[in-house]
Structures are given as C-alpha cells and as structure tokens.
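A short worksheet on the structure shown next.
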Amino acid sequence: MNAQIRSQVVSAVQACEEKKGEDISILEMDKNSSAFTDYFLICTGKNPRQIQAIADEVELRLKKAGSPANQVEGYNQADWILIDYVDFVVHVFSEASRKFYDLERLWKSARKVTVADLKKPAARARASKAASAKVPTKVAFRTRSSNARKPVRVTARRRKSS
C-alpha cells in the first residue's frame with residue numbers, strides 16, 4: 001500500500017484516540033475480495049455528541065493535511081457516521097449499531113492491522129518484494145504421440161502489484 005494512505009489512516013486513528021473513541025480497529029481489505037477500498041477504520045463513541053466530535057476531528061485533521069473527505073454519511077443521525085476517503089473509509093459507530101452491523105465479522109477476510117504495522121513501510125515493502133521475487137514453479141508432464149512422458153517446467157505468471 002501507498003505510504004501516504006497509511007499515514008492518513010494513522011492520522012485518522014490519532015484523531016479518534018484524541019476524542020476518546022473506543023475499540024478502534026483497522027482492517028486491511030483483502031485484494032481478492034470485492035472490497036472497494038484498502039482500509040476500514042472502525043471505532044465506537046458513547047453518545048451522539050461524541051460520535052460527531054470524533055468524525056469532526058478526523059475530517060479536520062485530514063483536511064489540514066490536504067485530504068478532504070470524498071463523502072460523509074449519517075452525520076445528523078450520529079448513529080453510524082461513514083467518512084469516505086476513497087482509499088480508506090472511517091466508520092464511527094454507536095455501541096448498538098456496531099454490534100448490530102458487526103463489520104469485522106462481515107469482512108472477516110480482511111486482515112486486522114495495528115498503527116505500528118502501518119508505520120513500518122520499509123519492512124513491508126521488502127517483504128512484498130521478496131515474496132514476488134519467488135515465483136512458484138510447477139512440474140507438468142506433456143504427453144507426446146508416443147505416450148512418452150517428458151517433464152516440462154511451467155512458471156506461474158506474476159501478478160502486477162499496484
């Protein structure tokens with residue numbers, strides 16, 4: 001993932017923490033799923049005022065950093081506020097709504113990450129380069145007209161990373 005996106009997610013987490021958001025969770029969405037974004041940031045507020053304050057702080061912090069929200073939904077009801085930044089989405093829930101919608105269960109293919117994971121881009125980049133350098137090979141047998149079997153090395157195609 002892009003270091004700038006990870007930095008923005010970290011800023012959003014810090015904003016949630018500053019406004020006493022609880023049970024903060026970061027989900028890195030699986031590339032093979034039908035996810036429309038890279039990360040979900042999920043947190044809980046105790047009451048509508050706190051939920052709005054958390055959403056306001058996230059928006060303010062990221063706007064100052066040059067990343068205005070693409071879309072904000074549910075602000076007036078303050079039961080579930082969704083702030084869309086395209087590459088990541090911030091969900092600020094009331095306790096009841098978070099239990100009801102249970103996004104962590106719904107997106108169980110997503111990997112739970114921590115702020116520390118997001119702050120160490122060099123190690124992740126090295127690990128992903130090392131993983132992509134090792135292309136798995138398979139041995140297949142080609143049948144000739146004489147029914148003699150000769151091994152043929154088949155190399156899997158590399159998937160382009162974004």
Side-chain angles (χ1 to χ4, degrees), residues 1-134 157-162:
M1 290 296 126
N2 184 341
Q4 182 182 4
I5 297 166
R6 288 193 304 267
S7 170
Q8 291 171 349
V9 173
V10 169
S11 292
V13 168
Q14 291 168 344
C16 292
E17 289 172 341
E18 185 176 303
K19 293 299 178 182
K20 309 290 190 237
E22 296 179 350
D23 197 18
I24 298 171
S25 180
I26 307 165
L27 302 178
E28 183 176 32
M29 307 312 284
D30 185 15
K31 297 294 175 212
N32 297 326
S33 71
S34 60
F36 48 87
T37 189
D38 295 333
Y39 294 97
F40 274 0
L41 169 58
I42 305 167
C43 80
T44 305
K46 291 242 181 237
N47 57 57
R49 277 198 153 156
Q50 184 190 19
I51 292 168
Q52 288 175 331
I54 293 168
D56 289 342
E57 186 64 25
V58 169
E59 280 190 90
L60 181 67
R61 224 177 247 233
L62 290 171
K63 192 173 186 178
K64 280 183 182 177
S67 300
N70 188 46
Q71 185 73 32
V72 178
E73 296 289 334
Y75 186 85
N76 292 333
Q77 296 84 1
D79 191 45
W80 173 10
I81 300 176
L82 183 144
I83 311 168
D84 181 7
Y85 287 95
V86 180
D87 295 314
F88 67 98
V89 178
V90 179
H91 301 271
V92 186
F93 282 103
S94 67
E95 291 179 64
S97 290
R98 182 154 182 186
K99 285 178 186 172
F100 180 78
Y101 291 106
D102 197 6
L103 292 184
E104 288 94 342
R105 183 191 56 78
L106 186 64
W107 293 97
K108 62 185 169 194
S109 66
R111 185 173 73 99
K112 239 183 174 180
V113 295
T114 64
V115 171
D117 293 334
L118 295 173
K119 286 185 176 180
K120 50 182 174 183
R124 287 187 75 186
R126 281 194 301 265
S128 67
K129 282 182 185 176
S132 66
K134 296 179 183 177
R157 291 185 182 175
R158 290 184 193 207
R159 193 174 113 177
K160 290 184 180 180
S161 60
S162 51

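The structure displayed is predicted, hence computed values, not measured ones.
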Assess the residue pair Q52 and Y75 against the criterion (side chain to side chain contact (heavy atoms under 4.5 Å, CB included)); give the C-alpha distance rounded to whole Å, side-chain angles, the decisive distance to 0.1 Å, and a yes or no. CA-CA 7 Å; Q52 288 175 331; Y75 186 85; 3.7 Å; yes

So R6 and Y39, side chain to side chain contact (heavy atoms under 4.5 Å, CB included) or not? Walk me through it. CA-CA 9 Å; R6 288 193 304 267; Y39 294 97; 3.5 Å; yes

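Annotation: side chain of E28 is not in contact with side chain of K112 (no heavy-atom distance under 4.5 Å). In this structure, the side chains of L62 and P68 stay at 4.5 Å or more apart for every pair of heavy atoms. By the 4.5 Å heavy-atom criterion applied to side chains, F40 and I26 are not counted as neighbours. Side-chain contact check for V72 versus L82: every heavy-atom pair is 4.5 Å or farther apart. For the pair E104 and D102, the minimum side-chain heavy-atom distance is below 4.5 Å.
For the atom pair CD of Q77 and OG of S97, the computed distance is 10.5 Å after rounding to the nearest 0.5 Å. The NZ atom of K19 sits 14.5 Å away from atom CD1 of I51, with the distance rounded to the nearest 0.5 Å. Residue W107 holds its CH2 atom at 9.5 Å from OG1 of T37, rounded to the nearest 0.5 Å. Distance check: L27 CG to R111 CZ gives 10.5 Å after rounding to the nearest 0.5 Å. Atoms CD1 and CD, from I54 and E17 in turn, are 11.0 Å apart once rounded to the nearest 0.5 Å.
Defined by atom type and a distance below 3.5 Å, a donor-acceptor pair is present between the side-chain atoms of D79 and S94. In the model, T44 has a side-chain atom that pairs as donor or acceptor with a side-chain atom of R98 under 3.5 Å.
The shortest heavy-atom contact between C16 and L41 is SG-CD2, 4.2 Å. Taking both residues in full, the closest heavy atoms of A110 and M29 are given as CB-SD, 3.9 Å, listed atom of the first, atom of the second, then distance.
Shown here are the side chain to side chain contact (heavy atoms under 4.5 Å, CB included) partners of K46, two or more places apart in sequence or in another chain: E22, Q50, E95. Not counting sequence neighbours, E59 has no partner by the salt bridge (Lys or Arg N to Asp or Glu O under 4.0 Å) test.
Of the candidates I24, V10, V9, V10 is the only one forming a side chain to side chain contact (heavy atoms under 4.5 Å, CB included) with V115.
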For residues 83-93, please give each side-chain donor-acceptor pair under 3.5 Å, one per line with the distance, not counting sequence neighbours.
unit_1, atom_1, unit_2, atom_2, d
D84, OD1, V86, N, 2.7
H91, ND1, W80, NE1, 3.1

